Q: 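Before I ask anything, let me first share the structure, which is written out below as structure tokens.
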There are 2 protein chains.
Amino acid sequence: MAGQPKDTRPELAAIAPGNDDGVIDYEIIELLFFAYRDFISDPDAILERRGFGRAHHRVVHFVDREPGMTVADLLETLKITKQSLARVLKQLIDSGYIHQVAGPEDRRQRKLYTTREGKAFAHALAEPQSRRIAAALAKTGPGARETVKRFLGGMKTGSDTSGTDR
Amino acid sequence: MAGQPKDTRPELAAIAPGNDDGVIDYEIIELLFFAYRDFISDPDAILERRGFGRAHHRVVHFVDREPGMTVADLLETLKITKQSLARVLKQLIDSGYIHQVAGPEDRRQRKLYTTREGKAFAHALAEPQSRRIAAALAKTGPGARETVKRFLGGMKTGSDTSGTDR
DNA sequence: AAAATATGTCAATAAAGCTGACATATCCTG
DNA sequence: CAGGATATGTCAGCTTTATTGACATATTTT
């Protein structure tokens, strides 16, 4: 995981104008803020029409991505409390986007799955985001995807070179 | 801007297991989600100790970065309403982190500045984020900074190649 | 003087999170 | 089998951050 030549340059920060705190990388901090704000705005518009919020988005997304997830898995992934999840999950189940199945081994568990409509919903939400990513990558140039993946992965807590998180 | 050989591969998405929606770039969607979640968790811890929230962070940050900003500027940047800003701004002023000065030209305006304490606060909040970014960039490899900047910039709405936003 | 603008503020509402407490069903252990 | 642990559900109340609507004040522009 460190196969490239060491870059010994002292983090030449390239601070934006107007401030000289030095060291602090305000440029990328702000870029991330705006990128994420707009990235999230695409699905927000769709969600609003259906009377849902971001919380619903996250739940549908992860259940769709990992079918058979348990409630506990979802809580772990989203890092929210059971009570917070409950309201949102209930609405999604009532709306017919997600259904539950008692665990085959452990019947206390509720395994979660997206319904056909849930899959379509998840897809509809992801599409504009994917489109935005593709456009940004294309504009950035070839090879951008790999670099961006590595960078974003490195921003995640618990990705400290040593690899396996959790 | 395109000095390298064209990459004609059809966006081979590299979808993660468990789903085959094709086309959708779930990998980067999720990477962004986790990256941002953890990126924001660093300052969150500091804010909590002082009884502030993310909203305060954003306000202190932008005022610190662009001294003399008006309230209208801030509303535009944050894309929130005046009433939402009011409470947060008031608390920051009362806490001595931000102060207002009537505009020299237009005295209806309130130009916003961080106090000495406000600057220190902004710096304290930005530091762990900057550190995280530096670590992620270093791990990604040389040249990552440029690529990441371009990508993140491209994710922002209204950055459609033509360049100058606003 | 009147209209427009920049800001402030009151009140009510909503979304999404939280804590605490407790109920149920199920599994595991002694 | 009894009792404890676990997975989930649910009730009640609270907090933060955002919203809309209405209106007040000061100032600038027309």
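Predicted, not measured: the structure shown is a model, and the values here were computed from it. The sequence lines fix the lettering, A, B, ..., with proteins before strands; numbering per chain opens at 1.
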Q: Between A:Arg87 and D:dA12, is there a contact of a side-chain N or O with OP1 or OP2 at under 4.0 Å?
A: no
Q: Rounding to a whole Å, what distance do you find between B:Asp73:CG and C:dT5:C1'?
A: 14 Å
Q: Check each residue of residues 36-48 of chain B for a non-hydrogen atom within less than 4.0 Å of any atom in DNA chain C, then write out the ones that pass by number, or none.
A: none
Q: Take the protein atom CG of B:Leu75 and the nucleotide atom P of D:dT20, then report the distance between them rounded to whole Å.
A: 12 Å
Q: For A:Ala86, answer base if it contacts any base atom (sugar-phosphate contacts may also be present), sugar-phosphate if it contacts only those atoms, and nothing otherwise; contact means non-hydrogen atoms under 4.0 Å.
A: base
Q: Expressed as a whole number of angstroms, how long is the span from B:Phe52:CZ to D:dT15:P?
A: 17 Å
Q: Check this one for me: any side-chain N or O of A:Thr81 less than 4.0 Å away from OP1 or OP2 of C:dG17?
A: no
Q: Can the ring centroids of A:Phe151 and B:Phe151 be said to lie less than 6.0 angstrom from one another?
A: no
Q: What's the CG-P distance between B:Leu78 and C:dT7, to the nearest Å?
A: 13 Å
Q: Touch check for A:Ala55, heavy atoms < 4.0 angstrom, all strands: base, sugar-phosphate only, or nothing?
A: sugar-phosphate
Q: Which whole-number value in Å describes the distance from B:Arg50 CZ to D:dT16 P?
A: 17 Å
Q: Across the strands shown, which category fits A:His56 at heavy-atom distances under 4.0 angstrom: base, sugar-phosphate, nothing?
A: sugar-phosphate
Q: Under 4.5 Å between any side-chain heavy atoms of A:Leu89 and A:Gln100, yes or no?
A: yes
Q: Report yes if the side chains of B:Met155 and A:Tyr36 come closer than 4.5 Å at any heavy-atom pair, otherwise no.
A: no
Q: Please determine, for the side chain of B:Gln83, which listed nucleotide (C:dG8, C:dG17, D:dT20) has the closest atom?
A: D:dT20
Q: Does some side-chain heavy atom of B:Val71 sit less than 4.5 Å from a side-chain heavy atom of B:Gln109?
A: no
Q: Taking any heavy-atom pair under 4.0 Å as a contact, classify B:Lys79: base, sugar-phosphate, or nothing.
A: sugar-phosphate
Q: To the nearest Å, how far apart are A:Leu74 CG and D:dG9 P?
A: 11 Å
Q: How long is the line joining CG of A:Leu85 and C1' of D:dT8, in whole Å?
A: 10 Å
Q: Could you tell me whether the side chains of A:Asp44 and A:Ser41 share a donor-acceptor contact shorter than 3.5 Å?
A: no
Q: So which nucleotide from C:dA16, C:dA21, C:dT9 ends up closest to the side chain of B:Lys90?
A: C:dT9
Q: What's the closest nucleotide to the A:Arg58 side chain, out of D:dT19, C:dT7, C:dA16?
A: C:dA16
Q: Looking at DNA chain C, which of residues 97-109 of chain B put a heavy atom within less than 4.0 Å of it?
A: B:Gln100, B:Arg108, B:Gln109
Q: Rounded to whole angstroms, how far apart are NZ on B:Lys82 and P on D:dC23?
A: 13 Å
Q: Using a 3.5 Å distance criterion without hydrogens, assess whether the side chain of B:Thr157 forms a donor-acceptor pair with backbone atoms of A:Asp38.
A: no
Q: Can you find a pair of side-chain heavy atoms, one from A:Asp25 and one from B:Arg131, that are under 4.5 Å apart?
A: no
